[in-house]
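Below you'll find the structure, written out as structure tokens, and then a few comments.
Small disclaimer: the values here were computed from a predicted structure and weren't measured.
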Amino acid sequence: MHEFASDPPIEERVGDRLRERGETVAVAEGCTGGLVGALLTSVPGASDYLDRVVVPYDYDALRDLLAVSRETLDSHGAVSEPAVGETARGIRDTADATWGVSTSGVAGPGGGSEETPVGTVLVGVAYAAPWGTGESETTVARYEFDGDRDAVREQGARQALRDLSETVAARED
């Protein structure tokens with residue numbers, strides 16, 4: 001699981017940044033199936049900033065654990081910007097964390113479509129600003145990765161951590 005790692009690995013850099021800021025993150029993973037959590041927990045002291053990792057892999061789990069709406073899932077599906085945004089906000093809010101990260105996609109080898117080919121990964125990052133500021137926000141980005149199932153999952157997990165790191169850094173400015 002280190003084929004796409006940088007030096008120092010993104011999991012160390014984002015962990016250091018969250019620890020320095022005294023912030024927490026919670027993760028909800030679909031297609032990455034726990035790899036974001038595995039990367040985060042590979043760093044000693046991750047309990048300083050990692051609240052929880054859940055892997056809601058079907059519609060019922062998304063609704064039950066994270067309150068992703070039936071309407072969103074019916075209209076757009078789980079691999080969609082609306083669902084990934086709701087999932088990031090849902091994990092952030094149910095954990096009462098500063099940050100929520102979500103992933104969804106099509107890792108393959110099957111399951112893709114013309115609109116959502118194999119290799120598609122969506123990453124959501126939700127920030128919880130202090131109450132009353134109106135500055136809470138959620139971003140969702142879409143990526144297409146090459147490779148087999150394992151390669152797509154690792155690239156998606158590392159991209160989720162890069163997106164988190166970049167969004168945290170942008171809040172420092």
[Y] reachable from [X] in the ILVMFWY side-chain graph, under 4.5 Å edges:
X	Y	result
Leu35	Val84	no
Tyr143	Val152	yes
Val101	Val140	no

Practice prompt. Would you mind checking if Glu154 and Arg158 are paired as a salt bridge, meaning a charged N to carboxylate O distance below 4.0 Å?
Written response: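 Looking at Arg158 and Glu154, the cut-off is met.
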
With a 3.5 Å cut-off and sequence neighbours excluded, list the donor-acceptor pairs that the side chains of residues 43-50 form with protein atoms.
residue	atom	partner	partner atom	Å
Asp48	OD2	Arg19	NE	2.8

Of all the heavy-atom pairs spanning [X] and [Y], show the shortest one and how long it is.
X	Y	answer
Ala67	Glu86	O-OE1, 3.9 Å
Ser104	Ala78	OG-O, 3.1 Å
Ala88	Thr138	CB-CG2, 4.5 Å
Pro56	Glu29	CD-O, 3.5 Å

Worksheet entry | side-chain contact (heavy atoms from CB on, under 4.5 Å) between Asp74 and Glu71, worked out | CA-CA 5 Å; Asp74 278 347; Glu71 291 81 5; 5.8 Å; no

With sequence neighbours left out, write down each residue that passes side-chain contact (heavy atoms from CB on, under 4.5 Å) with [X], or none if nothing qualifies.
X	value
Ser113	Glu115, Thr116
Ser75	none
Asp60	Asp58, Arg63
Asp93	none

Heavy-atom check, side chain of [X] versus side chain of [Y], under 4.5 Å:
X	Y	value
Val25	Leu164	yes
Ile10	Ser165	yes
Arg92	Ser136	yes

Worksheet item: With no hydrogens and no angle check, do the side chains of Ser102 and Thr87 hold a donor and an acceptor under 3.5 Å apart?
Response: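 No pair is found: no donor N or O on one side chain lies under 3.5 Å from an acceptor on the other.
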
Hydrophobic clusters join Ile, Leu, Val, Met, Phe, Trp and Tyr when side-chain heavy atoms are under 4.5 Å apart, directly or via other members; which others share one with [X]?
X	answer
Val106	Val118
Val54	Tyr59, Leu62, Leu65, Leu66, Val68, Leu73, Ile91
Val55	Tyr57

Item to complete: Might you work through the side-chain contact (heavy atoms from CB on, under 4.5 Å) test for Leu40 and Val14, ending with a clear yes or no?
Response: CA-CA 9 Å; Leu40 287 169; Val14 74; 4.0 Å; yes

Item to complete: Apply the test side-chain contact (heavy atoms from CB on, under 4.5 Å) to residues Leu161 and Leu39: give CA-CA distance (whole Å), side-chain angles for both, the deciding distance (0.1 Å), then the verdict.
Response: CA-CA 9 Å; Leu161 292 177; Leu39 289 169; 3.9 Å; yes

Worksheet item: Looking only at atom types and distance, does a side-chain atom of Thr133 sit under 3.5 Å from a main-chain N or O of Ala129, one as donor and one as acceptor?
Response: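 Not confirmed, Thr133 side chain does not pair with Ala129 backbone.
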
Fill in: Residue pairs, two or more places apart or on separate chains, that pass salt bridge (charged side-chain N to carboxylate O under 4.0 Å, His left out) and touch residues 128-144
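Residue pairs with at least one partner in residues 128-144: Glu135-Arg171, Glu137-Arg171, Arg142-Glu144.
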
Under 3.5 Å, which donor-acceptor pairs link side chains of residues 120-128 to any protein atom two or more places apart or in another chain?
residue	atom	partner	partner atom	Å
Thr120	OG1	Pro117	O	2.7

Practice prompt. Mind checking side-chain hydrogen bond (donor to acceptor under 3.5 Å, both in side chains) for Thr98 and listing every partner two or more places apart, or none if nothing turns up?
Written response: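 None.
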
Fill in: By side-chain hydrogen bond (donor to acceptor under 3.5 Å, both in side chains) - contacts of Glu23 (at least two apart)
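With sequence neighbours excluded, Glu23 shows a side-chain hydrogen bond (donor to acceptor under 3.5 Å, both in side chains) to Arg21, Trp99, given in chain and number order.
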
Item to complete: Test Leu18 against Thr24 for side-chain contact (heavy atoms from CB on, under 4.5 Å), laying out the working first.
Response: CA-CA 7 Å; Leu18 291 169; Thr24 57; over 6 Å; no

Worksheet item: For the atom pair SG (Cys31) and CZ (Arg153), what is the distance rounded to the nearest 0.5 Å?
Response: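 One finds 8.0 Å between SG of Cys31 and CZ of Arg153.
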
Worksheet item: Taking atom CD of Gln155 and atom OG1 of Thr32, what is their separation to the nearest 0.5 Å?
Response: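 With rounding to 0.5 Å, CD (Gln155) is 12.5 Å from OG1 (Thr32).
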
